[in-house]
Every structure is written in structure tokens, then in C-alpha cells.
Amino acid sequence: MSGPQDKDGGGEGEKLPYGQYQFDLYAQAIIGGQKPIVMTDPNKLEQAAKEAMTPEAFNYVFGGAGEQATMHANRLAFRQWKLIPRMLRPTVPRDLSVKLFGKTYDTPLLMAPVGVQGAYHPDGEKGVATACASLGVPFIYSTASTTPLEDVATAADLSINPASSSPAESGKPTMTVAPRWFQLYWPLDDAITASLLDRARAAGCDALVVTLDTFTMSWRPLDLDTGYLPFARGEGNALGFSDPVFRKKFAEQSDGDAVEDNVMMASRSWLGEVFSGHAHRWEDLATLRRLWGDGPIVLKGVLSVQDAEMAVRYGMDGIVVSNHGGRQLDGAVPSLEMLPEIVDAVGDRLTVLFDSGIRTGADVLKALALGAKAVLVGRPVIYGLGAAGSEGARHVLAGILADVDQSMGLAGVQKVAELNRGILRRINYGGDVKSSL
Ligand SMILES: Cc1cc2nc3c(=O)[nH]c(=O)nc-3n(C[C@H](O)[C@H](O)[C@H](O)COP(=O)(O)O)c2cc1C
Ligand SMILES: O=C(O)C(=O)c1ccccc1
């Protein structure tokens with residue numbers, strides 16, 4: 001596969017043949033006797049990640065909050081919807097592209113913001129961001145990353161365009177920029193927030209994703225039993241530790257210490273900024289709007305029609321209907337359950353995105369047919385990373401995209417915009433899902 005088309009907003013470049021990946025894999029096996037770098041079956045992928053990762057890191061990714069009821073319900077919710085395929089319709093050339101906030105992206109997939117990627121594999125955020133770049137999938141950089149934003153941006157841009165230099169390095173726009181968004185865990189200190197958003201803009205992030213559901217960490221039995229909390233181990237601080245405003249504040253608090261002189265104390269201080277337990281208020285969104293400017297702001301973690309209406313009232317551009325993959329409020333409703341009514345209430349006034357439970361191409365079709373404009377994929381890509389680094393992450397993403405492509409064709413659909421509720425039937429057979437996902 002070649003690199004993605006230029007993102008000039010026109011979107012008329014050559015489309016990546018996502019479905020081709022399936023044939024490439026068969027060809028590799030038949031001609032070269034080669035197996036995929038990681039298991040393609042979603043359940044086996046999870047097992048491969050478990051075998052490759054440390055138990056704490058695997059548990060951290062795999063686990064949900066409480067008894068993981070919401071995490072499992074996310075999968076059950078997908079099983080209740082069935083697709084009604086149509087035959088003898090035009091389905092090629094397939095077009096997976098979507099327009100979000102005036103910009104055309106190659107696919108309806110985004111890489112969900114996932115913290116501490118360096119804890120799962122040394123390839124870390126750079127590995128996942130380059131995998132995304134090669135497929136035209138926007139990488140959403142997490143506030144809790146193990147690599148500074150600018151380094152991830154440079155690595156991603158260079159991977160698709162070796163001649164380019166990052167905007168953060170040169171101050172000039174690159175020829176081809178790997179699409180990226182920035183996810184904010186909202187600091188208490190507005191001066192730090194301002195600095196992070198300045199950096200995100202300078203690094204070429206198209207949109208700001210503000211995560212609302214994780215202002216404090218949930219009750220996570222698996223992590224409590226292994227004693228794993230990234231920040232307590234000094235992991236996931238790279239954005240804060242590389243931030244001039246945070247560094248200055250820390251030096252003032254600690255008699256001139258640099259963050260490197262006292263990593264544990266600096267980690268606690270960063271934790272206090274972003275996971276203080278203090279939720280901001282709707283009115284505070286005016287501060288983010290002032291600091292971010294006119295660019296798109298997307299609220300992540302919306303599960304109610306009321307909050308979706310509030311997002312409209314406060315001038316937001318989008319929402320992610322999400323329960324954080326069942327990692328925050330256990331017992332919360334599956335995000336797929338709420339998607340249709342939220343789309344009905346606000347879909348004409350802001351962009352509705354979706355995550356929590358996407359594992360297959362059919363899942364992507366269902367969420368899009370229920371009204372999401374694009375979906376975020378989280379755990380599967382991280383399992384690919386954990387099992388086989390950047391290449392593993394790429395295999396998972398390329399596989400989901402090939403599955404989306406083939407599934408659209410089999411459903412009788414050529415373009416993403418053709419997906420609507422007419423191709424769905426809700427059927428509840430009862431019982432549990434067979435897989436462990
Ligand atoms: C290990 C891990 C770390 C995560 N870190 C973040 C984060 O830093 N910021 C954020 O907004 N969401 C974070 N999320 C949530 C994801 O963005 C997304 O909502 C979730 O993974 C969707 O569920 P799924 O992966 O089961 O489909 C994290 C998820 C996982 C699995
Ligand atoms: O674990 C998470 O869900 C999450 O959002 C997070 C928070 C801090 C560090 C790493 C991930």
C-alpha cells in the first residue's frame with residue numbers, strides 16, 4: 001500500500017485500496033509461506049498480546065472498571081444489531097472516506113487516544129502513529145503519553161514523507177502531514193492548559209478532543225490486584241514533563257528542582273493537574289474555546305441526550321458517544337445503546353462520533369448506520385502494538401479497514417454516506433456472547 005493522499009481538504013486524491021490487504025495476506029501465505037505478524041482473529045489477538053506483554057500492562061489494557069459489566073455490555077450491544085445486506089447493487093470502487101469538520105479523511109476510523117503506549121511496547125506512540133499514518137488514519141494523541149507530542153508528530157510525518165520536517169521543528173507546514181488530533185485531560189491550571197493547546201496547534205492537530213469522563217480514575221480491581229497505576233510509576237508524563245509552563249511551576253514548587261531531579265514528586269504534581277478529582281463545569285468550556293480558537297472541539301465521554309444538548313448549547317463542534325471502553329463508570333450504559341437517540345437529538349447540529357467496543361468491520365458498519373460519522377478504535381490496536389510493535393498495530397488497523405471495505409461491499413454499500421438504519425434489524429436472542437471480548 002502506498003502512503004495516504006494529501007490532506008488538502010479536497011479529498012480527490014487516489015484512494016487507498018483497503019480491501020487489497022486481504023489479498024496481500026493470502027498471497028504472502030501462499031507464495032511466501034508467511035503468516036500475519038499477529039493473529040487476525042480478535043480473540044486470538046488478545047491472547048497473543050497477553051503472552052507478549054507483562055501481566056500488569058496487559059491487565060491495564062484489557063481490564064475494565066468494577067466487575068467489567070459495562071465493558072462486556074459494549075460487546076453485547078453490538079450483537080443485538082444485525083445487518084440486512086442488499087444484492088446486485090453498485091459497490092465498487094469503494095469509498096471509505098468521510099468529511100469531518102470540513103476536512104476529508106480516507107477512512108471512518110480514528111485511533112482512539114490511549115495513554116502510556118510506551119508501557120506496552122518500546123515502539124510506543126511513535127509506533128502507533130506511524131502505523132496510522134501509513135493508512136491515513138488520524139492518530140489521537142493522549143495527554144497521558146510516554147513520548148512528547150512533537151516527537152510523535154515528527155516521526156509520523158517523516159514516515160510518510162521522508163523529505164518533510166515537522167511543523168513543530170521548522171515552523172513551516174509540511175508537504176504531507178499525517179492527520180492527528182489532540183486529546184486533553186484538562187489541567188486545573190489554565191496557564192498549563194493554554195501551553196498544551198498552543199503546542200497541539202503548532203504540531204498540526206486538526207481537532208481538540210476533551211475527555212470528560214476521566215477527571216478521576218475509576219475503581220479498577222485488576223489494576224488494584226497487580227498494583228499498577230502508570231503515573232505512580234512515573235509513566236505517562238511526557239507531555240507534562242516537556243511542557244515549559246508545567247516545568248516552571250514545578251521548579252517554583254520544589255526549590256528549583258527540574259522534573260528529572262524528582263520524577264516521583266513531579267509525577268504526583270502532574271497527576272494533581274490532570275486527575276485531581278475536580279470536574280470542570282460546562283461554563284469552563286468558554287476558556288477552552290478562547291484558548292483553542294475556532295478549531296473543532298469534541299467532547300469525549302457523552303452518554304446522555306441531555307449532555308449532548310449541553311454540548312450544542314456551549315458551542316461544541318462534536319461529541320464522542322463513549323463510556324471509555326467500560327473503564328470508568330462500571331454499570332454505565334453501552335455507548336451503542338445511546339447512539340441512535342443522541343444522533344436523533346443533536347446529529348443535525350454537531351458531529352457525533354462513537355467508541356467503546358469496536359472490534360470488527362461489521363461493528364464499524366453498525367455504528368455508522370446508527371448515525372456516527374466516524375468511530376474510534378482502541379484496545380485492538382494496542383494489542384497489536386503489545387504483541388508485535390508498530391507492525392502489529394498496523395496489521396490490526398489494516399485488517400479492520402479491509403474488513404470494513406469487504407463488509408460494505410457484501411452489504412451492498414459503496415460509500416459511507418449510504419449506511420443508514422435501513423440496513424439494520426435489532427434482534428435480541430438473549431444469552432451471552434461466546435467470545436471473551
Ligand atoms: C489502555 C487504555 C488507555 C486509555 N487511555 C485513554 C486516554 O489517555 N485518554 C482518553 O481519552 N481515553 C483513553 N482510553 C479510552 C479510549 O480512548 C477509548 O474510549 C476506549 O478504548 C474504547 O473502548 P474499546 O477500546 O474497548 O473499543 C484508554 C483506553 C485504554 C484501553
Ligand atoms: O486508563 C485509561 O482509561 C486512561 O484514560 C488513562 C489515564 C491515565 C494514564 C493512562 C491511561
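Each ligand, and each atom within it, is numbered from 1 in the order the structure gives. Only this structure's heavy atoms are used, side chains among them; waters, hydrogens and symmetry mates stay out.
Which of Gln328, Arg327, Lys300, Arg379 comes nearest to atom 30 (C) of ligand 1 through a heavy atom is settled by distance: it is Arg327.
An N or O contact shorter than 3.5 Å links Pro113 to ligand 1 by distance. Taking any N or O of Thr211, backbone or side chain, at least one lies under 3.5 Å from an N or O belonging to ligand 1. Remark: ligand 1 and Ser142 share an N or O pair separated by less than 3.5 Å (distance only, no angle test). For a threshold of 3.5 Å applied to N or O pairs, the pair formed by Ala144 and ligand 1 contains no separation below that value. Taking distance alone, with nitrogen or oxygen atoms compared against 3.5 Å, Tyr60 stays at or beyond that limit from ligand 1. The shortest N/O to N/O separation between Arg327 and ligand 2 falls below 3.5 Å.
Of all the atoms in ligand 2, the ones that sit under 4.0 Å from a non-hydrogen atom of Phe275 are 7 (C), 8 (C). Near Ala144, meaning under 4.0 Å from any of its heavy atoms, are these atoms of ligand 2: 8 (C), 9 (C), 10 (C). For ligand 1, the atoms sitting less than 4.0 Å from at least one non-hydrogen atom of Gly115 are 3 (C), 4 (C), 5 (N), 6 (C), 7 (C), 8 (O), numbered in the order shown with element in parentheses. Less than 4.0 angstrom separates some heavy atom of Ser322 from each of these atoms of ligand 1: 19 (O).
Ring geometry for Tyr141 versus Phe182: interplanar angle under 30°, hence parallel rather than tilted (30 to 60°). Relative ring orientation between Tyr228 and Tyr60 is described as perpendicular, the plane-to-plane angle rising above 60° on a 0-90° scale split at 30° and 60°. The aromatic rings of Phe62 and Phe58 lie parallel to each other, with less than 30° between the two planes, well short of the 60° mark.
Contact annotation: Met217 has at least one heavy atom less than 4.0 Å from an atom of ligand 2. Heavy atoms of Val61 come nearer than 4.0 angstrom to ligand 1 in at least one pair. Judged by the shortest distance from any of its heavy atoms, Phe62 lies outside the 4.0 Å radius around the atoms of ligand 1.
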Item to check | ring-ring contact (aromatic ring centres under 6.0 Å, His included) evaluation trace for Phe241 with Trp270 | outcome: CA-CA 8 Å; Phe241 281 21; Trp270 179 240; 7.7 Å; no

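Protein heavy atom closest to atom 5 (O) of ligand 2, with residue, atom name and distance, is Tyr185 OH, 2.5 Å. Closest to atom 9 (N) of ligand 1 among all protein heavy atoms lies Tyr185 OH, 3.0 Å.
With no hydrogens or angles considered, no side-chain donor-acceptor pair links Gln68 and Arg327 at under 3.5 Å.
Using a distance-only test at 3.5 Å, with no hydrogens or angles considered, no donor-acceptor pair links the side chain of Asp330 to the main chain of Gly64. Side-chain atoms of Lys373 do not come within 3.5 Å of backbone N or O of Leu100 as any donor-acceptor pair.
Counting only heavy atoms from C-beta outward, the side chains of Leu288 and Leu197 approach each other to under 4.5 Å. A heavy-atom distance below 4.5 Å is found between the side chains of Lys300 and Leu376.
Counting heavy-atom neighbours within 6.0 Å of Trp282 CH2, excluding the residue itself, gives a total above 12.
The proximity of Arg220 to ligand 2, defined as any non-hydrogen pair under 4.0 Å, is limited to the side chain.
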